Amino acid sequence: MKSDFLVIGSGIAGLSFAIHAAKYGTVTVLTKGQALESNTAWAQGGISAVLDESLRASGDNYDKHVADTLDAGAGLCNEEAVRTIVESGMDTIEDLIAAGVEFDHAHDDESQFALGKEGGHSKRRILHCKDTTGLEIAKALITTAEKHPNIQILEHHFAIDLLTTAKLGIATEDRAVGAYVLNEKTGKVKKFRSDRVLLCTGGSGKVYLYTTNPDSSTGDGLAMAWRAGATIANMEFAQFHPTCFYNPSATGAKARSFLVSEAVRGEGAILINEKGDDFTLKHDARGSLAPRDIVARAIDHEIKKTGAACVYLDVTHKPKGFMQERFPHIYNTLMSFGHDCEKDPIPVVPAAHYQCGGVATNVDGRTTIRGLYAVGEVACTGLHGANRLASNSLLEGNVVARRALVDILKTFPLDKKALTEIPIPDWETGNVTPPDEQVLISHNWDEIRRLMWDYVSIVRTDNRLNRAARRLRNLRKEVREFYWGNTVNSDILELRNLVATGMLIVDCATRRKESRGIHFTLDYPNRNEAYLSDTELRRF
């Protein structure tokens, strides 16, 4: 199957790119589940942007947004990339409004957006759609994309591996030329051919036992890019969201991974311990509104010090009806679990949330493999550095997607002769037998996630990292046997990508002998300027 553009992933980055690229050629969008099953759709908080002066918060400007981002990034942000993305904020908002997104407006002035504030931001600059911003953006973009005759969205199509000229043994520059893709409904593997491939597969939160991410976040794009030979950077910086709902009696994936948005703290919620004390002030003067790495470590410290199962997010001091009006999704979801947050503080714990590292790219999404671009959470542009500033991710996904299209059209123009006659062999499956070891596959899945949580989460040590590395190496061998010895299915493919992602996180964390941003190790508790650079890995 051929198309001018091949997009793998259906979040804000992939769909925004597809909508703009469809003006120039045919676009195939692949998603391994349903189109709405993306990290974008799960984003509650909002999208940060410095708006035109008539629409912005008083006193805000580009320099302040840049400064807040650099401060959160703990010295590892690429300042040029930060400024480029921040200064495209208004264009991004206009783009999303044109696609049908209806951001909230102020009650007292309908000409003004209702701007929120989150941890690390010095000004109110977060646009939102109540507390389902990502879902509203995803729905609007999917609706727009589905109407375009040049866009084909294929659900339940799982990209297995990238096709490159090097892997195909072609004596030419290494180029991305497509992907092998599993049709999950038929079980057949197809060859998708394109000279312009965009990875927008999101993050890897499911590598950890506790995460706010959807089940689809298994590091697929990252693992594919790694196997193809692309440079990977800064995977030690796995961001943990401080406030995931804690309810051990609740069942189901949604109950285990329900995020209580940082925007709730931006509107005045306070983190407290069992005694009702605001313990965060002992760690940072900004208290509950400090950057996420600081707040997550403060909670981790409090839980370990007191032996408590969780801490609490207190909004009971807000007027009655406030949560129902401002955060209806959060309020109603908590009520469905039998918890009224307007009467009782919300029990919360940290959970894996965002992948700040990823496939190394420039601010145009260009990777180290020609023709392969990566945008959104799967990529590492230099915007986030050692710790993502809240709500910068949706902004980055939209801005870099637009820039990637401009770069692709310049570098690989559609009127130029393409590599159309490349012979692509059928996908190799090894000695295929029916999967009779599903229990072992499930066991390995659980073991990977638990060891990553126990040894490679909020607080690390060299000893823990070394233990994780040894076990992951053994698991990788077992997974390779499953992959080559069983009929291919999504469980095996996700397990393969999960163990690869875990190894990349551990390898990067082992190389950074300091504490910086999200990466905190008891063996090296301070920053060391000798490590003021990206941690890069490449498979040869």
Side-chain angles (χ1 to χ4, degrees), residues 11-13 39-40 42-49 65-79 81-86 89 92 116-122 125-126 133-134 202-205 207-208 211-213 217 219 222 233-244 259 261-263 265-266 286 289-297 350-361 363 374-400 457-458 505 508-509 512 516-520 534-535:
I12 186 173
N39 278 20
T40 295
W42 279 45
Q44 291 179 357
I47 180 169
S48 61
H65 191 174
V66 169
D68 291 344
T69 301
L70 296 177
D71 179 60
L76 281 193
C77 295
N78 179 322
E79 186 169 352
V82 172
R83 185 165 294 279
T84 296
I85 292 169
V86 163
T92 288
K117 186 178 181 182
E118 298 181 8
H121 288 273
S122 60
R125 62 171 71 99
I126 315 298
T133 307
S204 55
V207 77
Y208 285 100
T211 179
T212 64
N213 288 190
S217 298
L222 180 81
N234 293 353
M235 285 302 296
E236 67 268 41
F237 300 116
Q239 187 180 64
F240 290 78
H241 198 290
T243 52
C244 183
L259 168 68
S261 171
E262 188 161 344
R265 281 178 283 138
R286 291 165 291 187
L289 277 177
R292 288 176 177 173
D293 61 320
I294 296 172
V295 178
R297 282 199 298 274
H353 184 59
Y354 194 86
Q355 171 188 300
C356 290
V359 184
T361 75
V363 76
V375 184
E377 190 172 353
V378 70
C380 180
T381 62
L383 173 67
H384 305 308
N387 184 27
R388 177 183 69 115
L389 181 66
S391 291
N392 268 356
S393 48
L394 292 177
L395 171 66
E396 178 189 41
N398 186 276
V399 171
V400 180
S457 54
I458 299 171
I505 294 172
C508 284
R512 185 168 291 279
R516 183 182 296 274
I518 308 164
H519 174 71
F520 183 82
D534 294 336
T535 307

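All values derive from a computational prediction rather than experimental measurement.
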Practice prompt. Determine whether the side chains of His384 and Glu396 contain a donor N or O and an acceptor N or O closer than 3.5 Å.
Written response: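 Distance-only check passes for His384 and Glu396.
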Worksheet item: Can you name the side-chain hydrogen bond (donor to acceptor under 3.5 Å, both in side chains) partners of Ser391, sequence neighbours left out?
Response: Glu118
Response to the item:
Residues passing the side-chain hydrogen bond (donor to acceptor under 3.5 Å, both in side chains) test with Asn392, sequence neighbours excluded, are Ser48, His65, Thr69
Discussion item. Among Asn78, Val375, Ile85, which residue satisfies the side chain to side chain contact (heavy atoms under 4.5 Å, CB included) criterion with Thr381?
Written reply: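 When side chain to side chain contact (heavy atoms under 4.5 Å, CB included) is applied between Thr381 and each of Asn78, Val375, Ile85, only Ile85 qualifies.
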Worksheet entry | Test side-chain contact (heavy atoms from CB on, under 4.5 Å) applied to Ala509 - qualifying residues, sequence neighbours left out |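 Residues passing side-chain contact (heavy atoms from CB on, under 4.5 Å) with Ala509: Glu236, Arg460, Leu465, His519.
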If I take atom [atom1] from residue [X] and atom [atom2] from residue [Y], how far apart are they, to the nearest 0.5 angstrom?
{"X": "Arg286", "Y": "Ser122", "atom1": "CZ", "atom2": "OG", "result": "10.5 Å"}
{"X": "Ser457", "Y": "Phe520", "atom1": "OG", "atom2": "CZ", "result": "12.5 Å"}
{"X": "Lys117", "Y": "Ile126", "atom1": "NZ", "atom2": "CD1", "result": "10.5 Å"}
{"X": "Cys356", "Y": "Leu389", "atom1": "SG", "atom2": "CG", "result": "10.5 Å"}
{"X": "Ile12", "Y": "Glu377", "atom1": "CD1", "atom2": "CD", "result": "12.5 Å"}
{"X": "Leu383", "Y": "Arg388", "atom1": "CG", "atom2": "CZ", "result": "9.5 Å"}

Any non-hydrogen side-chain atom of [X] less than 4.5 Å from a side-chain atom of [Y]?
{"X": "Pro242", "Y": "Arg265", "result": "yes"}
{"X": "Cys380", "Y": "Gln355", "result": "no"}
{"X": "Ser217", "Y": "Thr211", "result": "no"}

Using every non-hydrogen atom in the two residues, find where [X] and [Y] come nearest and quote the distance to one decimal.
{"X": "Pro350", "Y": "Ile458", "value": "CB-CD1, 3.6 Å"}
{"X": "Ala374", "Y": "Val359", "value": "CB-CB, 4.1 Å"}
{"X": "Ala72", "Y": "Asn387", "value": "O-CB, 3.1 Å"}
{"X": "Ala74", "Y": "Ala386", "value": "CB-CB, 4.0 Å"}
{"X": "Leu395", "Y": "Val86", "value": "CD2-CA, 4.4 Å"}
{"X": "Leu76", "Y": "Arg512", "value": "CD1-NH2, 3.6 Å"}

Practice prompt. Step by step, work out the side chain to side chain contact (heavy atoms under 4.5 Å, CB included) result for Met235 and Thr535.
Written response: CA-CA 8 Å; Met235 285 302 296; Thr535 307; over 6 Å; no
Discussion item. Test of understanding: with salt bridge (charged side-chain N to carboxylate O under 4.0 Å, His left out), list the residues that count as partners of Asp68, not counting sequence neighbours.
Written reply: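 Checked Asp68 against salt bridge (charged side-chain N to carboxylate O under 4.0 Å, His left out); matches are Arg125.
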Practice prompt. Please identify each residue that fulfils salt bridge (charged side-chain N to carboxylate O under 4.0 Å, His left out) with Arg292, with sequence neighbours left out.
Written response: Glu262
Item to complete: List for me each residue that meets ring pair (Phe, Tyr, Trp, His ring centres under 6.0 Å) alongside Phe240, sequence neighbours excluded, and say none if there are none.
Response: Tyr208, Trp453
Discussion item. Treating Asn398 as the side-chain partner and Ala13 as the backbone partner, does any N or O pair qualify as donor plus acceptor under 3.5 Å?
Written reply: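 Answer holds: no.
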